[in-house]
Amino acid sequence: MKKILWCMCICLFLCGCQSSFGSIKEGTLDMESFSERIEEQIEKNNWRMGLFNEEAWSKHKVEQEYHMDMTKIEDCLIKSSLIEAQFVEIAFFKADQQYDSMIKDSIQYRLQKLSSTYANYVQDTTKKLSQYKQGRIGKYYYFILGEDCKKVVNYIRNSE
């Protein structure tokens, strides 16, 4: 009986230690919960990034701002800073790897759009817009724009 109780305790402990936001590699990521975890790190001042809007972008806004064919994207989540000119965004695109070049082109379109909009108003626009990381982890393509983007990517990679 003690062995059964001990095994149950271990199982409950292991279940409690599993990620509450799913798996990036397996394609089961709860992007909203995961972005909230990232935001918590920012709010604790672990990373130098601006505060995010509470609401994620609609697919229509993604299509407009990234000039992206959303029919190729299974799911996505984009959150941006409260003030767009702070140049802080986190984006996750769940899509087949065959669409990576389309996503990369869309990210470049977005960066160019931000540059052309703010180049005359924000000091060091080019430098600030060069602070980004992008890549694929499992079924997701990510784009992180902001001063501590490397730390955010390390967090993403170590969360698996």
Colleague: Is there a continuous path of hydrophobic side-chain contacts, each under 4.5 Å between heavy atoms, that joins Phe87 to Ile107?
Modeller: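 Same hydrophobic cluster.
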Colleague: Name all residues meeting the ring pair (Phe, Tyr, Trp, His ring centres under 6.0 Å) criterion together with Tyr132; count only those two or more places apart in sequence or in a different chain, and write none if there are none.
Modeller: Phe143
Colleague: For the CD atom on Gln123, are there more than 12 heavy atoms of other groups (residues, nucleotides or ligands in this structure) within a distance under 6.0 Å?
Modeller: no
Colleague: Do Tyr99 and Phe93 have their ring centres less than 6.0 Å from each other?
Modeller: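 No: the rings miss the under 6.0 Å criterion.
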Colleague: Which atom pair, heavy atoms only, marks the closest approach of Gln86 to Ser81?
Modeller: OE1-CB, 3.4 Å
Colleague: Could you tell me the separation between the OH atom of Tyr109 and the CE atom of Met68, rounded to the nearest 0.5 Å?
Modeller: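 Going from the OH atom of Tyr109 to the CE atom of Met68 covers 12.0 Å.
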Colleague: Quick one: salt bridge (charged side-chain N to carboxylate O under 4.0 Å, His left out) pairs with a partner in residues 110-126, sequence neighbours left out?
Modeller: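 Output for this query lists Glu65-Arg110, Glu65-Lys113, Glu84-Arg110, Glu89-Arg110.
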Colleague: Once rounded to the nearest 0.5 Å, what's the spacing between atom CD1 of Ile90 and atom CZ of Phe52?
Modeller: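 If we round to the nearest 0.5 Å, Ile90:CD1 and Phe52:CZ are 4.5 Å apart.
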Colleague: Please identify each residue that fulfils ring pair (Phe, Tyr, Trp, His ring centres under 6.0 Å) with Tyr141, with sequence neighbours left out.
Modeller: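 Ring pair (Phe, Tyr, Trp, His ring centres under 6.0 Å) list for Tyr141, sorted by chain: empty.
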Colleague: Check side-chain contact (heavy atoms from CB on, under 4.5 Å) between Lys151 and all other residues, then give those that pass, not counting sequence neighbours.
Modeller: Trp47, Asp148
Colleague: On a heavy-atom basis, which atom in Val88 and which in Gly146 lie closest, and how many Å separate them?
Modeller: CG2-CA, 4.4 Å
Colleague: With side-chain contact (heavy atoms from CB on, under 4.5 Å) as the test, would you mind laying out the steps for Ile156 and Tyr140 before giving the verdict?
Modeller: CA-CA 11 Å; Ile156 293 168; Tyr140 297 88; over 6 Å; no
Colleague: Answer whether the closest heavy-atom distance between the side chains of Val62 and Ile73 falls below 4.5 Å.
Modeller: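 Contact flag for Val62/Ile73 side chains = no.
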Colleague: Search all heavy atoms of Ser106 against all heavy atoms of Tyr66 and return the closest pair with its distance.
Modeller: CB-O, 3.2 Å
Colleague: From the options Lys61, His67, His60, select the one residue that forms a side chain to side chain donor-acceptor pair (under 3.5 Å) with Gln64.
Modeller: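 Among the candidates, only His60 passes.
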Colleague: How close do Thr125 and Ala119 get, heavy atom to heavy atom, and via which atoms?
Modeller: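 Closest heavy-atom pair between Thr125 and Ala119: OG1-CA, 3.8 Å.
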Colleague: Say you draw a straight line from CG of Leu114 to CG of Leu145; how long is it, rounded to the nearest 0.5 Å?
Modeller: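 Here the interatomic distance stands at 7.0 Å.
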Colleague: If you round to the nearest 0.5 Å, how far is CG of Leu77 from NZ of Lys59?
Modeller: 11.0 Å
Colleague: Determine the sole option in Arg157, Arg136, Gln134, Lys133 for which the side chain to side chain donor-acceptor pair (under 3.5 Å) test with Tyr142 is passed.
Modeller: Arg157
Colleague: Could I get the full list of side chain to side chain donor-acceptor pair (under 3.5 Å) partners for Asn53, not counting sequence neighbours?
Modeller: none
Colleague: Is it true that, when you exclude Ile83 itself, more than 12 heavy atoms of the residues, nucleotides or ligands shown sit nearer than 6.0 Å to its CD1?
Modeller: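 At most 12 heavy atoms, drawn from other residues, nucleotides or ligands, come within 6.0 Å of this atom.
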Colleague: With the 4.5 Å side-chain cut-off for hydrophobic clustering, are Ile78 and Met102 part of the same group?
Modeller: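 Same cluster: Ile78 reaches Met102 through Ile, Leu, Val, Met, Phe, Trp or Tyr contacts under 4.5 Å.
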Colleague: In Å and rounded to the nearest 0.5 Å, what is the NZ to CD1 distance from Lys72 to Ile103?
Modeller: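 Result: 12.0 Å between the selected atoms.
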Colleague: So, taking the atom named NZ in Lys139 and the one named CD in Gln97, what distance separates them when rounded to the nearest 0.5 Å?
Modeller: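 Going from the NZ atom of Lys139 to the CD atom of Gln97 covers 10.0 Å.
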Colleague: With distance as the sole test, does Ser115 use its side chain to make a donor-acceptor pair with the main-chain N or O of Leu111 at under 3.5 Å?
Modeller: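 A pair under 3.5 Å: no.
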Colleague: Residues two or more places apart in sequence or in another chain: which of them pass side-chain contact (heavy atoms from CB on, under 4.5 Å) with Asp105?
Modeller: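 Asp105: no side-chain contact (heavy atoms from CB on, under 4.5 Å) contacts found.
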